[in-house]
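Structure record follows, encoded as structure tokens.
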Amino acid sequence: MHSLNSEQKRAVEATEGPVLILAGAGAGKTKTITERIRHLVHSGVAPSNILAITFTNKAAKEMRDRISARLASDPDINRPISMSERPFVSTFHSLGVHILREHAGKAGLKKHFSIFDRDDSKKTVKEAIVSIGLDPKTHEPGAILSIISKLKGKGIGVEEWASVGEGGYFMDVVGQVWPVYEKSLERENALDFDDLLLKTGNLLRNDSFVRGYYQNVWKYIHIDEYQDTNRVQYEISRMLTGPEQNICVVGDIDQNIYSWRGADIKNILAFEDDYPGAQTFTLEENYRSTKTILEAANAVIEKNKIRRKKNLFTENQAGEKISTVSCLDETSEASFIASKSKNLIAASADPGEIAVLYRANFQSRALEEAFMNEGVPYQILGTRFFERKEVKDIISYLRAALNPECLTDLKRVINTPARGIGKTTIVRMFSGQETALPIGMKSKISSFRKLLEKIAMIAKEQKISETILFIIKESGLETEWKEGGEDGAARLENAYELVNFATRYNELPSEEGVQAFLSETALQSDQDELKEERRAVRLMTVHAAKGLEFDIVFVAGLEDGLFPHQKMKETYITPEEAEEERRLFYVALTRARKKVFLTYAQTRTVFGRTRANTPSEFIFDIPENLMEEEVSEETSRRREGKPLLEIDF
């Protein structure tokens with residue numbers, strides 16, 4: 001453990017009882033968790049008795065790989081550790097899938113339940129709205145689904161909601177739609193994302209055998225990003241913790257930025273009350289950023305009151321000052337960022353080490369246009385591989401084969417590619433009128449069902465990558481795409497990429513590999529879509545950037561009413577929510593290793609209206625000696641009285 005600092009080493013060696021690790025940005029928390037798990041195994045704990053939970057598949061994979069590498073390199077661990085013996089490292093949602101599949105019967109499920117992504121869930125909510133006689137144009141399915149999601153995150157199911165439901169017209173509509181939505185899920189043997197946690201929590205709470213079983217399996221529990229846990233995740237953590245209370249949570253109060261999706265900062269603030277006698281360690285040495293960036297971040301975040309005091313420091317060099325850039329409007333701001341990125345790349349900066357962060361998704365339009373005009377390679381985080389139509393079609397074939405009760409998947413693929421099975425036929429099929437269909441149509445449906453049966457059989461016998469390849473070829477999709485020109489070629493390329501992705505599960509037994517594949521493809525997050533090998537500037541929201549780091553970071557749109565957001569002026573928000581915008585800016589600053597640019601527009605057009613802006617208060621929170629003004633080309637021309645554009649005739 002010679003590579004650990006003194007506080008990291010103390011946290012690693014505190015193996016018994018509850019432990020709270022308050023880890024600042026860039027303070028080596030993943031390394032600390034990895035070394036703690038290695039130390040436990042080194043001390044004689046069976047690797048299979050160790051559980052580690054984090055929040056994204058990307059983070060879980062990184063942690064899994066690092067733990068495997070450390071265990072393999074430890075000379076005192078005298079034998080290779082098989083896959084079944086390794087520590088269980090996953091996200092909360094993947095953990096829920098694992099528990100529910102192992103005890104499906106006790107949870108009231110069938111083993112091959114489907115997992116609805118948000119798009120599937122929105123469609124099902126829309127159908128529920130229509131079925132009760134309401135108009136989905138005036139009762140937005142996404143808004144209703146968001147309310148249902150938040151309630152489930154608080155541990156409230158549809159039955160509990162019926163008895164404690166809130167008043168008001170909109171909540172009354174939610175109360176009407178929700179039971180219909182739940183019946184649709186039940187009928188299709190499907191769960192939405194939130195059910196994976198809610199039903200896991202209910203199972204652990206109501207079944208002492210299942211709860212005791214996992215407490216005996218996982219005797220040492222680690223939870224990363226504990227500040228981001230919602231109520232259900234908090235309760236699952238407590239119920240998995242056995243009588244020895246060997247739970248170690250890692251988090252940073254100053255990086256709690258997800259209250260809008262249910263994260264409760266009180267979970268980490270109350271840890272020492274929940275687990276009396278807990279040992280607390282604070283990791284303050286930052287290994288990522290320059291002294292200048294850290295001084296700025298410390299100055300910003302110390303204005304928050306709801307936090308545990310810490311002060312990040314580093315042995316890194318002072319580095320460059322933070323540049324502030326005033327631009328005329330969002331177009332000139334985007335132009336500055338794109339041209340500056342181009343110059344930095346020309347001066348040998350790696351495009352993949354440059355990030356442009358913004359508060360709201362709508363800001364990406366002007367930025368994308370500017371990067372295209374400058375010819376600078378860029379990647380917008382959010383274009384998700386597993387949401388592409390061709391990828392979802394292939395996965396739906398597999399889900400429909402394993403779970404024929406899932407009408408959502410059946411409807412998606414029964415006429416993809418076209419088999420002459422129209423919408424009227426599909427309605428008759430699913431309303432019990434199939435026997436009245438013409439003989440020719442019955443034959444087409446029979447052939448489709450035989451295809452699904454064949455897929456199900458192969459999935460249980462072959463490697464998952466071979467099953468995916470079989471679906472592509474035998475479904476007729478490959479033939480259709482080969483005849484579809486450039487668009488078809490791109491779809492076929494993505495389909496083959498899905499086969500490549502599936503090979504990572506080939507070493508598992510067939511059925512286990514299928515379930516692991518389906519779980520991971522359903523639970524991908526935005527960060528999981530980042531192609532690390534692609535050398536391009538990354539454009540993303542600050543929320544999406546959490547957990548990532550770059551050499552150079554632009555924070556765009558630092559204007560009062562945008563960042564901090566207008567909602568901070570509302571009277572109904574809690575003190576915790578009021579401080580969240582400053583935590584979000586702190587996260588943005590601490591993504592950078594070497595250089596930060598803060599840009600703002602004097603005017604910005606939002607939803608068709610142009611408004612004048614004042615710079616964000618966050619800029620004024622940074623000491624002046626840490627900043628320097630950088631003048632954009634446009635501003636320089638204005639100051640010199642030159643035209644904004646020079647045109648050669």
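Values below: every heavy atom of this structure, side chains too, minus hydrogens, waters and symmetry copies. The model shown is predicted, which means the values in this text are computed figures rather than measured ones.
- One finds a salt bridge joining Asp192 and Lys152 here, because a Lys/Arg side-chain nitrogen approaches an Asp/Glu carboxylate oxygen to under 4.0 Å.
- The closest side-chain donor-acceptor pair between Ser335 and Ser332, if any, does not fall under 3.5 angstrom.
- From Ile223, atom CD1 reaches atom CD1 of Ile33 across 10.0 Å, with rounding to the nearest 0.5 Å.
- Between Lys594 and Glu353 there is no salt bridge, since no side-chain nitrogen of the basic residue lies less than 4.0 Å from a carboxylate oxygen of the acidic one.
- Screening Asn230, Thr229, Asp274, Asn256 against Asn267 for a side-chain hydrogen bond (donor to acceptor under 3.5 Å, both in side chains) leaves a single residue, Thr229.
- Between Glu35 and Lys31 there is no salt bridge, since none of the side-chain N atoms of the basic residue sits less than 4.0 Å from a carboxylate O of the acidic one.
- With sequence neighbours excluded, the residues that form a side-chain contact (heavy atoms from CB on, under 4.5 Å) with Arg604 are Glu330, Glu333, Phe362, Gln363, Glu559, Leu562, Ala601, Val606, Asn613.
- The closest side-chain donor-acceptor pair between Thr290 and Asn316, if any, does not fall under 3.5 angstrom.
- In the model, Gln602 has a side-chain atom that pairs as donor or acceptor with a side-chain atom of Ser326 under 3.5 Å.
- Of all heavy-atom pairs between Ser364 and Ile380, the closest is CB-CD1, 4.3 Å.
- In terms of heavy atoms, Leu22 sits closest to Thr280 at CD1-CG2, 4.2 Å.
- Side-chain atoms of Glu579 come within 3.5 Å of backbone N or O of Ile306 as a donor-acceptor pair.
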Identify each donor-acceptor pair in which a side-chain atom of residues 344-351 lies under 3.5 Å from a protein atom, sequence neighbours left out, and give them as a table.
residue: Asp350; atom: OD1; partner: Gly352; partner atom: N; Å: 2.9

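- Counting only N and O atoms by type, the side chains of Asp252 and Tyr226 include no donor and acceptor under 3.5 Å apart.
- Salt-bridge annotation for Lys291 and Glu315: absent, with no side-chain N of the basic residue lying under 4.0 Å from a carboxylate O of the acidic one.
- A donor-acceptor pair under 3.5 Å links the side-chain atoms of Thr314 to the main chain of Asn286, judged by distance alone.
- Legend: residues meeting ring pair (Phe, Tyr, Trp, His ring centres under 6.0 Å) with Phe554, ordered by chain and number and at least two apart, are Phe597.
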- Would Glu284 and Lys310 count as a salt bridge (charged side-chain N to carboxylate O under 4.0 Å, His left out) if you check the C-alpha gap in whole Å, the side-chain angles of each, and the deciding distance to 0.1 Å? CA-CA 7 Å; Glu284 296 177 296; Lys310 68 177 185 305; over 6 Å; no
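- Checked by atom type and distance alone, the side chain of Arg591 pairs as donor or acceptor with a backbone atom of Val587 at under 3.5 Å.
- A donor-acceptor contact under 3.5 angstrom links the side chains of Arg118 and Ser146, judged on distance only.
- With a 6.0 Å radius and a threshold of 12 heavy atoms from other residues, nucleotides or ligands, Gln317 has its CD atom at or below the threshold.
- The side-chain contact (heavy atoms from CB on, under 4.5 Å) search around Asp117 returns Asp119, Asp120, Phe193, Lys392, not counting sequence neighbours.
- With respect to Arg205 and Glu235, a salt bridge is recorded, a charged nitrogen being found less than 4.0 Å from a carboxylate O.
- Across Phe620, Tyr358, Phe618, a single residue satisfies ring pair (Phe, Tyr, Trp, His ring centres under 6.0 Å) together with Phe585, and that is Phe618.
- The minimum heavy-atom distance linking Thr324 with Met627 is given by the pair CG2-SD, 3.7 Å.
- With 3.5 Å as the limit, one finds no donor-acceptor pair spanning the side chains of Ser616 and Asp560.
- Using a cut-off of 4.0 Å between Lys/Arg side-chain N and Asp/Glu carboxylate O, Arg308 and Asp254 are scored as not salt-bridged.
- Of all non-hydrogen atoms in Ala299 and Pro623, the two that sit nearest each other are CB-CD, 3.6 Å.
- Residues passing the ring pair (Phe, Tyr, Trp, His ring centres under 6.0 Å) test with Phe92, sequence neighbours excluded: Phe55.
- A salt bridge links Arg583 with Glu580: the closest approach of a Lys/Arg side-chain nitrogen to an acidic carboxylate oxygen falls below 4.0 angstrom.
- Atom-to-atom distance recorded for Thr34:OG1 and Met63:CE is 6.0 Å, nearest 0.5 angstrom.
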Does Arg359 form a salt bridge (charged side-chain N to carboxylate O under 4.0 Å, His left out) with Glu581? I'd like the steps, not just the answer. CA-CA 10 Å; Arg359 177 64 181 82; Glu581 287 290 297; 2.8 Å; yes
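- Salt-bridge annotation for Glu549 and Arg288: present, with a side-chain N of the basic residue lying under 4.0 Å from a carboxylate O of the acidic one.
- Note on Lys546 versus Asp228: salt bridge recorded, some NZ/NE/NH1/NH2 to OD/OE distance being below 4.0 Å.
- Rounded to the nearest 0.5 Å, atoms OG1 (Thr91) and NE2 (His98) are 12.5 Å apart.
- A salt bridge between Lys595 and Glu628 is present, with a side-chain N of the basic residue lying under 4.0 Å from a carboxylate O of the acidic one.
- Look at Lys154 and Asp264 and you find no salt bridge, because none of the NZ, NE, NH1 or NH2 atoms lies under 4.0 Å from a carboxylate O.
- For Ser149 (side chain) and Leu145 (main-chain N/O), no donor-acceptor pair under 3.5 Å exists by modelled atom type.
- Side-chain atoms of His222 and Arg36 form a donor-acceptor pair, as typed in the model, at a separation below 3.5 Å.
- Leu548 and Ala544 make their closest contact through CD1-O, 4.0 Å (heavy atoms, listed as atom of the first residue, atom of the second, distance).
- Geometrically, Arg261 engages Tyr258 in a cation-pi contact, judged by NZ or CZ lying under 6.0 Å from the ring centre and within 45° of the ring axis.
- Separation of atoms CD1 (Ile322) and CD (Glu630) is listed at 13.0 Å; rounding is to 0.5 Å.
- Look at Glu520 and Lys61 and you find no salt bridge, because none of the NZ, NE, NH1 or NH2 atoms lies under 4.0 Å from a carboxylate O.
- Asn298 and Tyr586 form no side-chain donor-acceptor contact under 3.5 Å, judged by distance and modelled atom types alone.
- Residues Val300 and Ile622 approach most closely at CG2-CG1, 3.8 Å, considering heavy atoms.
- Separating the CD1 atom in Ile253 from the CD1 atom in Ile268 is a distance of 5.0 Å, to the nearest 0.5 Å.
- Look at Arg307 and Glu302 and you find no salt bridge, because none of the NZ, NE, NH1 or NH2 atoms lies under 4.0 Å from a carboxylate O.
- Considering SG of Cys248 and CD1 of Ile221, their distance stands at 11.0 Å, rounded to 0.5 Å.
- Not counting sequence neighbours, the partners of Tyr214 by the ring pair (Phe, Tyr, Trp, His ring centres under 6.0 Å) test are His103, Trp218.
- Remark: Arg238 is positioned above the aromatic ring of Tyr275, its terminal NZ or CZ atom under 6.0 angstrom from the ring centre and at most 45 degrees off the axis.
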